[in-house]
Every structure is written in structure tokens, then in C-alpha cells.
> 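One structure, pasted below without further comment.
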Amino acid sequence: MDKKFLNKVAEQIISETEVSNGKVYFPFLSGGVPRKVLSPTRILSYLLYNFSHHCREVYGLNDDERLLVWDKFVNEYFYKFPYNGF
């Protein structure tokens with residue numbers, strides 16, 4: 001699939017991710033996740049399954065494409081929000 005499309009998918013998921021009242025609301029999870037439990041190392045095991053399922057069902061991505069989008073999501077999302085002190 002086109003890299004531009006995969007970048008757009010990652011950007012869309014990032015834009016749909018919201019922080020409110022100390023929780024992070026991801027478009028691929030129901031309910032919010034307390035911000036204090038999230039960090040780049042903890043997010044992998046907690047969110048990857050749901051993220052992957054979301055990308056397959058909503059965007060029709062295969063395994064390799066989902067991993068590329070996941071990498072972009074993690075890198076861009078966690079540079080956007082500071083997690084120090086939580």
C-alpha cells in the first residue's frame with residue numbers, strides 16, 4: 001500500500017486520540033486510559049492488539065502495514081505528549 005496512505009492513517013488515529021480529565025481516549029479502545037499508566041514502554045503490550053484490530057477492520061491494513069502505522073503512531077504520539085512526572 002502507498003506510504004502516503006499509511007501516513008494519513010497514522011495521522012488520523014493521532015488526531016482522534018484525545019486527552020481529557022487525566023485520561024487518554026484512543027479511537028481503538030472504549031473508555032479512557034489513565035494517562036499516568038502510559039509511557040512509550042508500557043503502551044506496546046497494552047494497546048497493540050486493539051490498535052492492530054482497528055487498523056485491519058477500519059482501514060483494511062495487512063500485518064506489515066499495521067506495524068508501519070503503529071511505529072509512526074507511537075513515535076509521533078509520544079513526542080507530542082510529555083509523560084514525565086506522571
Side-chain angles (χ1 to χ4, degrees):
M1 191 166 291
D2 184 350
K3 279 259 194 200
K4 288 181 183 179
F5 177 74
L6 298 178
N7 285 336
K8 295 269 187 207
V9 169
E11 290 167 11
Q12 181 65 32
I13 293 171
I14 290 167
S15 74
E16 293 174 355
T17 300
E18 298 178 13
V19 178
S20 177
N21 298 322
K23 291 187 177 184
V24 181
Y25 295 88
F26 297 99
F28 47 87
L29 284 180
S30 59
V33 178
R35 190 170 172 195
K36 66 182 177 181
V37 302
L38 294 176
S39 71
T41 54
R42 289 182 180 171
I43 192 172
L44 293 175
S45 61
Y46 189 76
L47 300 177
L48 181 57
Y49 174 79
N50 291 305
F51 181 92
S52 182
H53 179 73
H54 178 76
C55 287
R56 183 179 60 243
E57 296 299 314
V58 174
Y59 301 104
L61 303 183
N62 66 32
D63 291 344
D64 292 334
E65 293 164 339
R66 290 192 306 263
L67 288 175
L68 289 171
V69 173
W70 171 253
D71 187 49
K72 183 171 178 65
F73 171 75
V74 169
N75 287 326
E76 289 193 19
Y77 181 78
F78 284 104
Y79 287 126
K80 184 177 178 182
F81 296 105
Y83 289 88
N84 299 351
F86 289 96

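Note that these values count all heavy atoms, side chains included, but never hydrogens, waters or copies made by symmetry. We count residues from 1, following the sequence as given.
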> Would I13 end up clustered with F5 when hydrophobic side chains under 4.5 Å apart are linked, directly or stepwise?
yes
> Just list the side-chain donor-acceptor pairs under 3.5 Å for residues 21-34, sequence neighbours left out, or say none.
none

> Could you tell me which residues satisfy side chain to side chain donor-acceptor pair (under 3.5 Å) with Q12, sequence neighbours excluded, listed by chain and number?
E16
> Using side-chain heavy atoms (C-beta onward) and a distance below 4.5 Å, is F73 in contact with T17?
yes
> Given side chains that start at C-beta, do those of L61 and W70 come closer than 4.5 Å, heavy atoms only?
no
> Which residues satisfy the salt bridge (charged side-chain N to carboxylate O under 4.0 Å, His left out) test with D63, sequence neighbours excluded?
R66
> For a 4.5 angstrom cut-off between non-hydrogen side-chain atoms, does L47 reach V74?
no
> For N62, give me all partners under side-chain contact (heavy atoms from CB on, under 4.5 Å), at least two apart in sequence or on another chain.
D64, E65
> Do L67 and I14 sit in the same hydrophobic cluster, where Ile, Leu, Val, Met, Phe, Trp and Tyr count as joined when their side-chain heavy atoms come under 4.5 Å apart?
no
> Does V69 belong to the same Ile/Leu/Val/Met/Phe/Trp/Tyr cluster as L48, with side-chain heavy atoms less than 4.5 Å apart forming each link?
yes
> Just to verify, what does N7 make a side-chain contact (heavy atoms from CB on, under 4.5 Å) with, not counting sequence neighbours?
E11, K72
